[in-house]
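Take a look at the structure set out below.
All values derive from a computational prediction rather than experimental measurement.
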Amino acid sequence: MASQITLSFPDGSTRQFDSGVTGYEVASSISEGLARMAVSIGVDSETRDLSRPITTDASIQIFTLRNEEGWGTYWHSSAHLMAEALESLFPGVKFGIGPAIEKGFYYDVDLGDRQLTAEDLTAIEKKMAELAKRNVAYERREVPKEEAIAFFKEKGDEYKLELLEDLEDGTITFYTQGDFTDLCRGPHVPSTGNLKHTKLLNIAGAYWRGDQERKQLTRLYGITFPKKKELDEFLEMLELARQRDHRKLGKELELFTFSQKVGSGLPLWLPKGTILRETLVNFLKAEQLKRGYDPVITPHIGRLELYKTSGHYPYYSDSQFPPMMDDEEEGYLLKPMNCPHHTQIYDARPRSYRELPVRLAEFGTVYRYEQSGELSGLTRVRGFTVDDAHIFCRPDQVKQEFKDVIDLTLLVFSSLGFDTFKAQVSLRDKTNKEKYVGEDAQWDAAEEAIREAATEKGLETIEIEGEAAFYGPKLDFMVKDALGREWQLGTIQIDYNLPQRFDLWFTGEDNQKHRPVMIHRAPFGSLERFIGVLIEHCGGNFPTWLAPVQVQVLPVGQTFNEYAESVTKQLKEAGYRAEADLRHEKVGYKIRSAEMSKVPYMLIVGQREMETSSVSVRRHGDGDQGSETIEAFLQLLKTEVDGAFNAS
């Protein structure tokens, strides 16, 4: 008789099963419906195939396509199916890695000198559908390292052989479906028949193992769904995202550009984009001044020793530009973070407990060496500006300061229409503590302070291990845009470590030296990335207070240009961003042009308007709003712009 094991379920219940029971059998014991929907199973902290035996007591969770883990299994299996199709169509193809990603999957492949065409993608999709219909199982096999090496040597796949170098004997598994075998940890769906509807989305280049000195492989992206309706809905959403792509809109709206002569990942802000950016900056600066922040400015470089003391070098050395050497000193580094500089402003003179908290704020530009293949418009750049502030406070002030920063962050979100978000407590990976600095007691205190502050502000939080900064835990805001995509915008971090590393002090009420606590905060985060996300969130239709051009005055003919200029002058004198379109074009053309430029208000002026000192008002997307006196329109504009802040 088989020995019994105890399996614990997410609801806290437990059940007894024979040792060797599979995930599929466990799902079947609950319901036939769950067994049909199941794609993988979580056994303690490991996601496994449904067919693998479970031989010890464990906590389990059945994963379906209602879980992220389930989709991960589904799409990783799809990557293997695509690889089988590629091998069938292009004999001799070599394979790098083929993971699931947030939406879909990719595989890095070496096709020699072949460049894939649109016709090739259609052929691959067709072959994948053909292979899926065979409904063959994904079979897992543990393989001795020697056998694995022999297999890929015979196949001539140097990429898999290199991956094997990092693996120990006894930890190597192969997966086979049909005629394709791959080195893989798994898990996979039970069979290829689960993978019904495929679309290959994109082709890109990717250096092997992210090293620009290595060969560039072809990265082929795709996605699969069990139902055609799901694929159609995804492709429709993809088209909406394409129309809202900040790179496309940034060009059309003349907000920013890039130049290879300047360098990849270094955006150039055009006049309208600069107005947009500075309006955001001035909005936050005004809010910060109300809340007792002191503005500061720091250099774009610093001594290497500064970043060694902070820990940014070497902890972040892989993502930093190389040090600039100096004959007399060890060298300088392009600033990767603003916080080390701010510690030195705090340390410029002795501090008393009476003047704490000290809140130092800077829109400081920092630099990261992002690989060229990872650059993406404004959302992944090499030089970016952070709305950085660092609060130096007493331990008893930490929670209140943290709560005040939460208020400021939520104000930013509400003012810009980001209404859906979740708060994530980002913790260190307790199994890999060497990645972090500081003592356990400090980390525990910081983590608890974040939990308490979030709870007292009514935030529901999730906790994720391994996402903390190297110097402390943080509260990250994961914001959903209008298309339902999730972005990390805004972060607040508690840091007991940098004050210690820089030997920062304040004199307490007892006339003794005490260590301050440091809070790092950035409601925008990277200003570039924030603006990229904002453009896509609102589709370039910025709220009136933020729009680079708020009003465009459109004369119906050249005879009324002078009146149009007079109206424009009144708007500008009242503090609004206005332009007159004086081109020798029909007014219909001017209206279409203003609509394409997403200007919130258009004022049509002709004979009647000139005679009555009025304007005919049009609202972007809403059409004709009727006639108003100039004074009445100015009051309407004031009410709308002021109301955007009063409501928040």
Apply side-chain contact (heavy atoms from CB on, under 4.5 Å) to residues Ile30 and Arg15 and explain how you reach the verdict. CA-CA 11 Å; Ile30 298 171; Arg15 288 178 61 184; 3.9 Å; yes

Any chance you could lay out the side-chain contact (heavy atoms from CB on, under 4.5 Å) test for Glu370 and Val381, step after step, and finish with the verdict? CA-CA 7 Å; Glu370 302 285 0; Val381 292; over 6 Å; no

Could you give me the CA-CA distance, side-chain angles and deciding distance for Phe152 and Leu163, then say whether side-chain contact (heavy atoms from CB on, under 4.5 Å) is met? CA-CA 11 Å; Phe152 286 111; Leu163 292 173; over 6 Å; no

Does the side-chain contact (heavy atoms from CB on, under 4.5 Å) test come out yes or no for Glu486 and Val479, once each step is laid out? CA-CA 5 Å; Glu486 195 168 77; Val479 177; over 6 Å; no

Take Tyr74 and Asn194, measure what side chain to side chain donor-acceptor pair (under 3.5 Å) needs, and give me the verdict at the end. CA-CA 8 Å; Tyr74 190 87; Asn194 296 82; over 6 Å; no

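For the residue pair Thr365 / Thr385, a side-chain donor-acceptor distance below 3.5 Å is found, with atom types taken as modelled. Between the side chains of Trp208 and Glu162, a donor-acceptor pair is found at a separation under 3.5 Å. No hydrogens or angles considered: a donor-acceptor pair under 3.5 Å links the side chains of Glu84 and Gln177. His300 and Tyr367 share a donor-acceptor pair across their side chains, judged by distance under 3.5 Å alone.
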Can you give me every donor-acceptor pair (side chain of residues 61-72, partner residue at least two apart or in another chain, under 3.5 Å) with its distance?
{"from": "Thr64", "atom 1": "OG1", "to": "Arg66", "atom 2": "N", "distance (Å)": "3.1"}
{"from": "Asn67", "atom 1": "OD1", "to": "Thr64", "atom 2": "N", "distance (Å)": "2.9"}
{"from": "Trp71", "atom 1": "NE1", "to": "Leu65", "atom 2": "O", "distance (Å)": "2.7"}

Let me check something: any side-chain donor-acceptor pairs from residues 226-234 under 3.5 Å, sequence neighbours excluded? List them with distances.
{"from": "Lys228", "atom 1": "NZ", "to": "Asp232", "atom 2": "OD1", "distance (Å)": "3.3"}
{"from": "Lys228", "atom 1": "NZ", "to": "Asp232", "atom 2": "OD2", "distance (Å)": "3.0"}
{"from": "Glu230", "atom 1": "OE1", "to": "Lys227", "atom 2": "N", "distance (Å)": "3.2"}

Name each donor-acceptor pair under 3.5 Å that joins a side chain in residues 258-268 to protein atoms two or more places apart or in another chain, with its distance.
{"from": "Ser259", "atom 1": "OG", "to": "Lys261", "atom 2": "N", "distance (Å)": "3.1"}
{"from": "Gln260", "atom 1": "OE1", "to": "Ser264", "atom 2": "OG", "distance (Å)": "3.4"}

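In plain terms, the two heavy atoms of Ile101 and Trp75 that are nearest each other are O-CE3, 3.9 Å. Closest approach of Leu50 to Pro190, counting heavy atoms only: CD1-CG, 3.9 Å.
For Lys133, the side chain to side chain donor-acceptor pair (under 3.5 Å) test picks out no residue, with sequence neighbours left out. Applying the ring pair (Phe, Tyr, Trp, His ring centres under 6.0 Å) criterion to Tyr207, with sequence neighbours excluded, gives no partner residue. Under the salt bridge (Lys or Arg N to Asp or Glu O under 4.0 Å) criterion, Glu252 pairs with Lys248, not counting sequence neighbours. Take Arg242 and apply the salt bridge (Lys or Arg N to Asp or Glu O under 4.0 Å) test, not counting sequence neighbours, and it matches Glu239. Applying the salt bridge (Lys or Arg N to Asp or Glu O under 4.0 Å) test to Asp388 and every residue at least two apart in sequence or in another chain returns nothing. In this structure, Phe105 has no ring pair (Phe, Tyr, Trp, His ring centres under 6.0 Å) partners at least two apart in sequence or on a different chain.
Between Phe151 and Phe174, the ring center distance clears the sub-6.0 Å criterion.
Using a 4.5 Å cut-off on side-chain heavy atoms (C-beta onward), Met337 and Arg368 make contact. For the pair His80/Tyr138, a side-chain contact is recorded, criterion being any heavy-atom separation below 4.5 Å from C-beta on. Looking at Thr257 and Trp269, their side chains never come closer than 4.5 Å, going by heavy atoms from C-beta outward. Contact of the Leu238 side chain with the Leu201 side chain is registered, since non-hydrogen atoms from C-beta on lie closer than 4.5 Å. By the 4.5 Å heavy-atom criterion applied to side chains, Ile54 and Thr22 are not counted as neighbours. Annotation: side chain of Arg134 is in contact with side chain of Asp179 (closest heavy-atom distance under 4.5 Å). Here the side chains of Lys480 and Arg485 are not in contact, with every heavy-atom distance at 4.5 Å or above. You'll find the side chain of Tyr106 reaches within 4.5 Å of the side chain of Pro99, heavy atoms only.
We find the CE-CG distance between Met82 and Leu195 to be 12.0 Å, quoted to the nearest 0.5 Å. Between the OG1 atom in Thr198 and the NZ atom in Lys126 there is a gap of 14.5 Å [rounded to 0.5 Å]. Here the CD-CG distance, from Gln16 to Asp57, works out to 7.5 Å after rounding to the nearest 0.5 Å. With rounding to the nearest 0.5 Å, the separation of CD1 in Ile531 from CD in Glu536 is 13.0 Å.
Here the side chain of Asp108 pairs no donor or acceptor atom with the backbone of Leu217 at under 3.5 angstrom. Although no hydrogens or angles enter the test, the distance criterion places no donor-acceptor pair under 3.5 Å between the side chain of Lys145 and the main chain of Ile172. Distance alone, capped at 3.5 Å, places no donor-acceptor pair between the Tyr107 side chain and the Leu220 backbone. Using modelled atom types, no side-chain atom of Arg140 and backbone atom of Thr176 make a donor-acceptor pair closer than 3.5 Å. A side-chain donor-acceptor contact under 3.5 Å links His246 to the backbone of Leu378. No donor-acceptor distance shorter than 3.5 angstrom exists from the side chain of Glu142 to the backbone of Thr171, with no hydrogens or angles considered. Looking at Arg244, its side chain does come within 3.5 Å of a backbone N or O of His537 through a donor-acceptor pair. In terms of modelled atom types and a separation under 3.5 Å, the side chain of Asn135 and the main chain of Gly193 share a donor-acceptor contact. With Thr379 contributing its side chain and Gly532 its backbone, the two residues share no donor-acceptor pair below 3.5 Å. Between the Gln493 side chain and the Leu475 main chain, no donor and acceptor come within less than 3.5 Å of each other.
Between Phe17 and Phe9, the two ring planes are tilted [angle within 30° to 60°]. Using a 30° and 60° split on the angle between ring planes, Phe530 and Phe524 fall in the tilted class, from 30° to 60°. Aromatic ring pairs are classed by plane angle as parallel below 30°, tilted from 30° to 60° and perpendicular above 60°; the pair Phe418 and Phe413 is perpendicular.
Heavy atoms of other residues, nucleotides or ligands lying less than 6.0 angstrom from CD of Gln115 number 12 at most. Within 6.0 Å of the CG atom in Asp113, the count of heavy atoms belonging to other residues, nucleotides or ligands does not exceed 12.
Residue pairs that meet the side-chain hydrogen bond (donor to acceptor under 3.5 Å, both in side chains) test with at least one member in residues 149-158, sequence neighbours left out, are Glu87-Lys155, Lys94-Glu158. The salt bridge (charged side-chain N to carboxylate O under 4.0 Å, His left out) contacts involving residues 181-192 comprise Lys160-Asp182, where partners must be two or more places apart or lie in separate chains. For residues 41-53, every residue pair satisfying the side-chain hydrogen bond (donor to acceptor under 3.5 Å, both in side chains) rule, not counting sequence neighbours, is listed here: Glu46-Arg48, Glu46-Arg52, Asp49-Tyr175.
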